[in-house]
There are 2 protein chains.
Amino acid sequence: MTGRRDDVRRALSTTDGFRSAQDIYADLRAAGSRIGLTTVYRALQVLSDSGEVDVLRTDEGEAVYRACRTDEHHHHLVCRVCGRTVEIEGPAVEKWAEAIGAEHGFRDVTHTVEVFGTCSNH
Amino acid sequence: MTGRRDDVRRALSTTDGFRSAQDIYADLRAAGSRIGLTTVYRALQVLSDSGEVDVLRTDEGEAVYRACRTDEHHHHLVCRVCGRTVEIEGPAVEKWAEAIGAEHGFRDVTHTVEVFGTCSNH
DNA sequence: CTATATGCAAAAAGTTTGCATCTCC
DNA sequence: GGAGATGCAAACTTTTTGCATATAG
């Protein structure tokens with residue numbers, strides 16, 4: 001029965017970009033699944049808690065999810081047209097954030113970085 | 001009557017951190033204003049369109065606003081305890097984002113960067 | 001049989017819209 | 001009087017919760 005979790009995981013894996021819970025729900029239903037929207041949300045919550053998927057917020061406030069290839073801390077370069085995503089690393093940014101924080105007397109510094117652009121297919 | 005817009009601007013200016021529309025509404029009402037929540041939202045929309053205030057989303061999906069001192073592109077270092085905010089610049093990050101985008105064939109690259117930490121008062 | 005997972009419907013929370021009223025010119 | 005601003009209530013969207021049912025072990 002926990003196959004539902006796998007359904008969600010699979011739906012996420014089949015695409016390259018970030019998808020919203022509603023997108024995933026629509027896809028699964030379109031594919032014939034009888035899954036409920038609630039279950040999609042619950043699965044996404046579990047998956048993101050366990051670090052299996054990454055979550056971020058669109059400017060419209062919608063949460064979007066993506067299956068990540070690595071557990072490491074990393075950032076994303078997202079195509080604003082098709083949602084295609086490239087996982088990127090930026091040692092320079094990590095250091096910069098740390099330094100900026102320290103400079104202003106902040107401790108336990110964390111950061112969020114997202115890069116958007118229009119990819120070569122558009 | 002457009003004094004309402006100024007009320008909102010003023011409510012934003014009196015604090016150092018990011019505030020939500022609901023916070024601002026509560027503050028103004030507490031201060032005796034008869035302003036409506038709708039008007040707060042409308043004022044914030046106008047102010048952010050004109051670039052007078054900065055908007056970002058919390059992890060919970062709530063929009064938070066802040067009066068910025070400069071029109072220039074910049075980022076924020078936010079205290080996760082008290083909300084105190086420092087405007088920061090990072091030429092290194094700007095260049096890095098551009099370079100990363102170009103490297104993967106992305107055009108019109110933009111980015112969002114937010115740094116969080118615990119400030120020296122905590 | 002018992003604990004967990006699921007789905008539906010309803011509830012929350014944040015934001016936007018419809019619309020009648022009010023204000024300034 | 002007319003254009004734009006305002007406030008209330010209702011609509012909308014996304015996400016969460018309550019609850020009864022179904023499933024696995």
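So that the names make sense, note that chain A is the first sequence line, chain B the second, and so on, each numbered from 1. Only heavy atoms go into these numbers, but all of them, side chains included; no hydrogens, no water, no symmetry mates.
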Could you check which of C:dG7, D:dT6, D:dT15 has an atom nearest any side-chain atom of A:Ile35?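 Nearest listed nucleotide: C:dG7.
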
Check every atom of D:dT15, D:dT6, C:dT16 against the side chain of B:Thr39 and return the nucleotide holding the closest atom.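 When the side chain of B:Thr39 is considered, D:dT6 is the closest of D:dT15, D:dT6, C:dT16.
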
At 10 degrees resolution, what angle do the end axes of the helix from C:dC1-D:dG25 to C:dC25-D:dG1 form when each is taken over five base pairs?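 What I find for the helix from C:dC1-D:dG25 to C:dC25-D:dG1 is an axis angle of 10°.
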
Distance test, side-chain N/O of A:Tyr41 to OP1/OP2 of D:dT15, below 4.0 Å: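 Result: yes.
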
Looking at C:dG7, I'd like to know if its phosphate oxygens (OP1 or OP2) sit under 4.0 Å from a side-chain N or O belonging to A:Arg4.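 Affirmative; the distance criterion is met.
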
[X] [atom1] to [N] [atom2], straight-line distance once rounded to whole Å:
X: A:Gln22; N: D:dT16; atom1: CD; atom2: P; value: 11 Å
X: A:Ile24; N: D:dT15; atom1: CD1; atom2: C1'; value: 14 Å
X: B:Leu37; N: D:dA11; atom1: CG; atom2: P; value: 17 Å
X: A:Tyr25; N: C:dT6; atom1: OH; atom2: C1'; value: 12 Å
X: B:Leu44; N: C:dT15; atom1: CG; atom2: P; value: 9 Å
X: B:Arg5; N: C:dT23; atom1: CZ; atom2: P; value: 18 Å
X: B:Asp59; N: D:dT15; atom1: CG; atom2: C1'; value: 15 Å
X: A:Leu47; N: C:dA5; atom1: CG; atom2: C1'; value: 14 Å

According to a hydrophobic-cluster definition based on side-chain heavy atoms being under 4.5 Å apart (Ile, Leu, Val, Met, Phe, Trp, Tyr only), do [X] and [Y] belong together?
X: B:Phe18; Y: B:Tyr41; answer: no
X: B:Leu56; Y: B:Val78; answer: yes
X: A:Val115; Y: B:Val113; answer: yes
X: A:Val64; Y: A:Val53; answer: no

Residues A:Arg9, A:Glu52: salt bridge by 4.0 Å N-O rule: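 Result for this pair is yes, salt bridge flagged.
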
Ionic contact status for A:Glu62 with B:Arg57, cut-off 4.0 Å: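 Salt bridge absent between B:Arg57 and A:Glu62.
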
Can the ring centres of B:His73 and B:His111 be said to be less than 6.0 Å apart?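 Here the rings of B:His111 and B:His73 have centres that are less than 6.0 Å from each other.
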
Would you check if the distance from the ring center of A:Phe116 to the ring center of A:His76 is below 6.0 Å?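 When the ring centroids of A:Phe116 and A:His76 are compared, they turn out to be at least 6.0 Å apart.
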
With a 4.0 Å cut-off on heavy atoms, is B:Glu60 in touch with a base, just the backbone sugar-phosphate, or nothing at all?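 Touches nothing.
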
Looking for any heavy atom pair under 4.0 Å, which part of the strands does A:Arg34 touch: base, sugar-phosphate only, or nothing?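 Sugar-phosphate contact only - A:Arg34 comes under 4.0 Å of backbone atoms but never of a base.
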
Expected rows: protein N/O vs nucleotides 10-13 of chain C N/O, under 3.5 Å:
none

Between A:Thr14 and A:Arg10: side-chain donor-acceptor atoms closer than 3.5 Å: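 Looking only at side-chain atoms, A:Arg10 and A:Thr14 do not form any donor-acceptor pair under 3.5 Å.
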
Side chains of A:Arg107 and B:Thr118: donor-acceptor distance under 3.5 Å anywhere?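 No donor-acceptor contact under 3.5 Å links the two side chains.
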
Is there a donor on the side chain of A:Arg42 or the base of C:dG7 sitting less than 3.5 Å from an acceptor on the other?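 Result: at least one qualifying N/O pair found.
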
